[in-house]
Amino acid sequence: MTITFNLFVQKVPLKFESIITKLEINPKAHGLIANMKAVLTSDELRYEFMMRIPHKPSGSNIHALLEEMREEQLTINPITDEAFLDMYMLNPVAALIQYFKHNVVPAHIDRMKQWSININDIVKLKRMENNIHLNDVLERLYFK
């Protein structure tokens, strides 16, 4: 006689607030939290992050894993240049967050305007170096 059990396990959505609490991240660490939200965009990614983070992680453990997962997502699941440019026309900040998987604030857009940086130049640099951060792109274009 064979007995079969069908187990259905439903994952409860993992919210950023619970991650912040479990990892004892200071709620005033706005940059880190914004970067986490830019990279950990789905329940699956948040669960994976929590599975990979060591017990009682240091700040450097959190930053290192977040950067590792950012690079993985830029390689495995990048937004196309065309989709980015279309999205940029509607919401520049959201488009840049998705394109770079990193915290972006309206000041970045202001800096791009002040420095006369063309969005197509950003795309060209990103094509050459997929894991580059937006601040590095802006500095390279400004100081070239």
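Owing to the predicted nature of the structure, the values given are computational and were not obtained by experimental measurement. All residue numbers refer to positions in the sequence shown, counting from 1.
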Original post:
So Lys126 and Asn130, side-chain hydrogen bond (donor to acceptor under 3.5 Å, both in side chains) or not? Walk me through it.
Top reply: CA-CA 5 Å; Lys126 180 89 164 51; Asn130 188 46; 3.1 Å; yes

Original post:
Between Asp110 and Lys113, does at least one N-O distance fall below 4.0 Å, as a salt bridge requires?
Top reply: no

Original post:
Between His102 and Ala38, what is the shortest heavy-atom contact and its length?
Top reply: N-CB, 3.6 Å

Original post:
Donor-acceptor pair, Asn35 side chain versus Leu32 backbone, under 3.5 Å?
Top reply: no

**OP:** Using a 4.5 Å cut-off on heavy atoms from C-beta on, say whether the side chain of Met69 contacts that of Glu72.
**Re:** yes

Original post:
Is there a side-chain contact between Thr41 and Gln73 (heavy atoms, below 4.5 Å)?
Top reply: no

**OP:** Output yes when Glu129 and Arg140 qualify as a salt bridge under the 4.0 Å nitrogen-oxygen rule, no when they do not.
**Re:** yes

Original post:
How close do Pro54 and Pro57 get, heavy atom to heavy atom, and via which atoms?
Top reply: O-CD, 3.2 Å

**OP:** Could you tell me whether the side chain of Tyr99 reaches within less than 4.5 Å of the side chain of Val123, counting heavy atoms only?
**Re:** yes

Subject >> Pairwise distance NZ(Lys28) to CD1(Ile33) - rounded to 0.5 angstrom >> reply: 11.5 Å

Original post:
What is the minimum heavy-atom distance between Asp81 and Arg127, and which atoms define it?
Top reply: OD2-NE, 2.6 Å

**OP:** With the side chain counted from C-beta on, respond yes when Phe100 and Leu74 share a heavy-atom pair under 4.5 Å apart, and no when they do not.
**Re:** no

Subject >> Glu68/Arg52 salt bridge by N-O under 4.0 Å criterion >> reply: yes

Subject >> Minimum-distance pair of heavy atoms, taken over all atoms of Leu45 and Leu40 >> reply: O-CD2, 3.7 Å

Original post:
Any side-chain heavy atom of Leu85 within less than 4.5 Å of one from Thr80?
Top reply: no

Original post:
How far does CD1 of Ile53 sit from CD of Glu48, to the nearest 0.5 angstrom?
Top reply: 11.5 Å

Subject >> Within-4.5 Å side-chain heavy-atom neighbours: Leu138 and Tyr142 >> reply: no

Subject >> Heavy-atom closest contact (Ser58 atom, Asn61 atom, distance) >> reply: N-OD1, 2.8 Å

Original post:
What do the steps show when you test Ile25 against Met36 for side-chain contact (heavy atoms from CB on, under 4.5 Å), and what is the final call?
Top reply: CA-CA 11 Å; Ile25 296 172; Met36 290 175 74; 3.8 Å; yes

Original post:
For the side chain of Ser18 and the backbone of Leu14, is there at least one donor-acceptor N/O pair under 3.5 Å apart?
Top reply: no

Original post:
Any side-chain heavy atom of Tyr88 within less than 4.5 Å of one from Ile109?
Top reply: yes

Original post:
Looking only at atom types and distance, does a side-chain atom of Arg70 sit under 3.5 Å from a main-chain N or O of Leu65, one as donor and one as acceptor?
Top reply: no

Original post:
Is there side-chain contact between Ile119 and Met112, with heavy atoms separated by less than 4.5 Å?
Top reply: yes

